[in-house]
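Right, one structure below, let's go through it.
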Amino acid sequence: MMVSDIPAGPACGRVTLLGAGPGDPELLTIKGLKALQGASLLLYDALVSDEILALAPASAERLYVGKQASRHALPQDEIIALMLRLAREGRSLVRLKGGDGYIFGRGGEEAIALAEAGVPFDVIPGLSAAQGAGASAGIPLTHRDHAAALVFATGHLRADGQGIDLDWAALARPRQTLVIYMGVGTLALICRELVAHGLPADTPAAVVERATLPDERCITGTVTTLPQLALEQRVRTPALIVVGSVVGLRPLLRQAGAAT
Ligand code: SAH
């Protein structure tokens with residue numbers, strides 16, 4: 001009999017799905033800190049910083065399961081299989097993800113697998129990159145005079161490489177702020193589609209790279225100029241794209257002493 005066939009029983013471990021926040025370790029929640037301090041086993045992703053990992057006891061086992069090409073990593077189904085196996089063996093673990101696990105973090109898939117397997121789990125939210133970027137770059141994501149709606153979207157290309165699966169007409173609507181995750185590689189396509197679907201070509205837009213970390217950069221322009229600016233400035237992932245007139249508030253609100 002394989003371990004995966006063993007039903008979750010009373011001796012089953014507990015899984016804590018923990019959002020580590022956008023980067024600055026101090027933006028971890030108190031609940032998250034307590035979970036880390038009590039952890040004996042961590043499964044963590046690429047965007048989780050060493051400072052956050054250091055908050056767990058030195059004796060805690062740390063397994064990297066992220067998806068960064070240069071480091072050893074597991075496909076999503078293997079991460080889930082590993083989590084279930086460990087829990088069934090009686091190991092309690094903290095599953096650490098960047099930002100919030102339920103926002104473009106595949107936390108939903110992992111929680112569903114745990115629920116279906118009968119493995120007890122908790123979910124501790126984290127500040128998502130959008131919230132961190134808004135605060136540190138000086139871009140309030142909503143403002144009564146600018147945006148009555150806030151949309152989080154993915155800029156990830158479809159599996160067949162043929163564009164991005166988004167409702168462009170909805171994203172191009174006025175009086176909203178659009179935050180795009182995973183959109184650095186597709187920035188030009190995103191800006192082109194938004195304008196083609198009616199967003200004014202002079203709409204302010206920003207890219208916030210490594211938000212809340214000491215080397216954060218924010219580059220601002222419009223949906224017409226931003227792709228070229230980002231290319232010239234060699235913007236790299238992780239970075240968020242923020243589109244909407246709230247970006248125009250940054251000159252007043254950027255944090256004093258910020259480098260860019
Ligand atoms: N669950 C995470 C998102 C994971 S998807 C969250 O809630 O924040 C990965 C994408 O998140 C990156 O491609 C980038 O777009 C964004 N991201 C994560 N951390 C970031 C950071 N510190 N600065 C800017 N963008 C970040």
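Atoms within a ligand are numbered from 1 in the order they appear, just like the ligands themselves. Computed over heavy atoms, backbone and side chain alike; hydrogens, waters and symmetry mates excluded. Quick note: residue numbers are just sequence positions, from 1.
Proximity of R210 to ligand 1, defined as any heavy-atom pair under 4.0 Å, is confined to the backbone N, CA, C and O atoms. If you look at T237 next to ligand 1, the close heavy atoms, those under 4.0 Å, all belong to the side chain. Heavy atoms from both the backbone and the side chain of A211 come within less than 4.0 Å of ligand 1. Counting heavy atoms closer than 4.0 Å to ligand 1, residue A129 contributes atoms from both its backbone and its side chain.
Ligand 1 is approached by V208 to a heavy-atom distance shorter than 4.0 Å. Within the structure, the closest approach of G98 to ligand 1 falls below 4.0 Å when heavy atoms are considered. Taking a 4.0 Å cut-off on heavy atoms, G23 fails to register as neighbouring ligand 1.
Residue D100 has at least one N or O atom closer than 3.5 Å to an N or O atom of ligand 1. Note: no N/O pair closer than 3.5 Å links L213 and ligand 1 by distance alone. For ligand 1, the polar-atom distance check finds an N/O of I103 within less than 3.5 Å of one of the ligand's N/O atoms. For the pair M182 and ligand 1, the shortest N or O to N or O distance falls below 3.5 Å.
Within the 6.0 Å centre-distance limit, the rings of Y181 and F152 are counted as a close aromatic pair.
Here the side chains of L36 and L28 are in contact, with some heavy-atom distance below 4.5 Å. In this structure, L249 and H143 have side chains that are in contact, with non-hydrogen atoms separated by less than 4.5 Å. When side chains are defined from C-beta on, R14 counts as touching D122, because their heavy atoms get closer than 4.5 Å.
In terms of protein heavy-atom proximity, atom 11 (O) of ligand 1 is nearest to Y181 CD2, 3.4 Å. Ranking the protein heavy atoms by distance from atom 4 (C) of ligand 1 puts F104 O, 3.2 Å first. Annotation: atom 15 (O) of ligand 1 to nearest protein heavy atom, A239 O, 2.7 Å. The single protein non-hydrogen atom nearest to atom 22 (N) of ligand 1 is P22 O, 2.8 Å, given as residue, atom name and distance. Annotation: atom 7 (O) of ligand 1 to nearest protein heavy atom, S128 OG, 2.6 Å.
With T222 contributing its side chain and D202 its backbone, the two residues share no donor-acceptor pair below 3.5 Å. Checking side-chain atoms of R91 against main-chain N and O of R85 turns up no donor-acceptor pair under 3.5 Å. No donor-acceptor distance shorter than 3.5 angstrom exists from the side chain of T186 to the backbone of L189, with no hydrogens or angles considered.
Between the side chains of Q76 and E110, at least one donor N or O sits under 3.5 Å from an acceptor N or O.
Considering every non-hydrogen atom in both L18 and A35, the closest pair reads CD2-CB, 4.4 Å.
In summary, the atoms of ligand 1 found under 4.0 Å from a heavy atom of L47, numbered by their order in the structure, are 9 (C), 18 (C).
Here T220 pairs with nothing under the side chain to side chain donor-acceptor pair (under 3.5 Å) rule; sequence neighbours left out.
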Give the C-alpha distance, both sets of side-chain angles, the deciding distance and a yes or no for salt bridge (Lys or Arg N to Asp or Glu O under 4.0 Å) between E216 and R210. CA-CA 5 Å; E216 170 180 320; R210 295 181 59 77; over 6 Å; no
